[in-house]
Amino acid sequence: MRLLLPLKYYDDAGRIKPSKALLWCLFYICRPIWVFIASLTFRQDSGALLVLFYPHNSYFYSSLLIALPSFLVVLLISFRAKLWDGRAGVLFTLIKPLILLSLVTDIAFHILMASKQNWSFSWLIAVTILLDSIYIYWIKNNQHLALLSLDWLKPSVPSTNIAK
């Protein structure tokens, strides 16, 4: 059997592992969730950190909603071994569309924020749109992600221990 990727991209079960770049992409997209978790750790004023990053509550809730599809991808990746055993393997075909949905809506949200600021330049909005655009291009053209989805669709082969 010919390996499609170098051996370092496979786990012990012989399945393709998600790349580190994909994990960094998901970490970036889920940033509102990390800000929310960090705000919960402040005992004195948990809302202070949220107000620092998101001046309006609607921005925070919109960002959480935008990050939700990518957080579902994080959950799919985290529980992939259990999903291989079940019949939920079809969910792995949703990895790429869910990430792209989050990225496109994040770009649209930040363009909306720029329009609300009367198109005045903001480094935060500019860098976010730039990173989102780079990640969209990378996700669309990433062969590793396509092979990962196809590999994870296959049912797992149970290991047979032959006793001598």
Side-chain angles (χ1 to χ4, degrees), residues 4-43 45-84 88-114 121-153:
L4 300 173
L5 296 170
L7 194 56
K8 68 179 182 178
Y9 293 112
Y10 289 88
D11 62 5
D12 294 336
R15 298 284 190 151
I16 296 175
K17 295 189 299 188
S19 65
K20 290 180 183 174
L22 175 65
L23 298 177
W24 278 110
C25 176
L26 291 170
F27 183 79
Y28 165 74
I29 298 170
C30 293
R31 64 192 180 279
I33 296 171
W34 309 130
V35 169
F36 177 66
I37 291 171
S39 73
L40 292 177
T41 60
F42 288 126
R43 294 185 183 196
D45 189 13
S46 62
L49 188 64
L50 289 178
V51 171
L52 178 67
F53 286 102
Y54 303 100
H56 303 287
N57 284 341
S58 61
Y59 291 167
F60 173 65
Y61 295 126
S62 299
S63 295
L64 274 180
L65 198 62
I66 289 168
L68 185 64
S70 292
F71 188 68
L72 291 175
V73 171
V74 170
L75 292 177
L76 279 174
I77 290 173
S78 299
F79 296 109
R80 64 184 181 266
K82 292 186 188 281
L83 293 173
W84 285 330
V90 180
L91 294 174
F92 295 127
T93 59
L94 298 175
I95 289 175
K96 196 174 198 175
L98 287 174
I99 294 173
L100 288 173
L101 174 68
S102 286
L103 289 169
V104 168
T105 52
D106 196 36
I107 285 177
F109 175 69
H110 281 88
I111 289 174
L112 177 71
M113 286 180 61
F121 184 76
S122 167
W123 277 106
L124 177 66
I125 292 173
V127 170
T128 302
I129 290 175
L130 177 69
L131 285 174
D132 284 345
S133 301
I134 290 170
Y135 275 132
I136 284 175
Y137 178 79
W138 180 77
I139 291 290
K140 285 182 60 114
N141 297 324
N142 189 356
Q143 197 64 24
H144 185 120
L145 187 57
L147 292 172
L148 179 132
S149 296
L150 289 175
D151 185 45
W152 288 7
L153 276 174

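Hydrogens, waters and symmetry mates are skipped; everything else that's a heavy atom, side chains included, is used. Numbers for residues simply follow the sequence, beginning at 1.
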Sidechain-backbone polar pair: T41 side chain, A38 backbone, donor-acceptor under 3.5 Å: yes
Gap between atom CD1 of I16 and atom CG of L145 - 0.5 Å precision: 10.0 Å
Distance in Å, S58 OG paired with L65 CG, rounded so as to fall on 0.5 Å steps: 12.0 Å
Within-4.5 Å side-chain heavy-atom neighbours: L72 and L94: no
Let me have the donor-acceptor pairs involving side chains of residues 130-138, under 3.5 Å, with sequence neighbours excluded, atom names and distances please.
{"residue": "D132", "atom": "OD1", "partner": "Y28", "partner atom": "OH", "Å": "3.1"}
{"residue": "S133", "atom": "OG", "partner": "I129", "partner atom": "O", "Å": "2.8"}

Separation between CD1 of I99 and SG of C25, rounded to the nearest 0.5 Å: 5.5 Å
F60: partners by ring-ring contact (aromatic ring centres under 6.0 Å, His included), with sequence neighbours left out: F36, Y54
Nearest atoms (heavy-atom pairs only) where P69 meets L98: CB-O, 3.6 Å
Heavy-atom side-chain contact between I139 and L22 under 4.5 Å: yes
Gap separating the NZ atom of K17 from the CG atom of L148, nearest 0.5 angstrom: 11.5 Å
Shortest non-hydrogen contact between I29 and A67, atoms and distance: O-CB, 3.6 Å
Residue pair S102 / I66: nearest heavy atoms and the distance that separates them: OG-O, 2.9 Å
Nearest-0.5 Å distance that lies between atom OG in S19 and atom CG in N142: 6.0 Å
Sequence neighbours excluded - salt bridge (charged side-chain N to carboxylate O under 4.0 Å, His left out) pairs with any residue from residues 91-114: R31-D106
Nearest heavy-atom neighbours spanning L76 and F92: O-CE2, 3.9 Å
Interatomic distance, I37 atom CD1 to C30 atom SG [nearest 0.5 angstrom]: 9.5 Å
Beyond-backbone contact of I111 with I107, side-chain heavy atoms, under 4.5 angstrom: yes
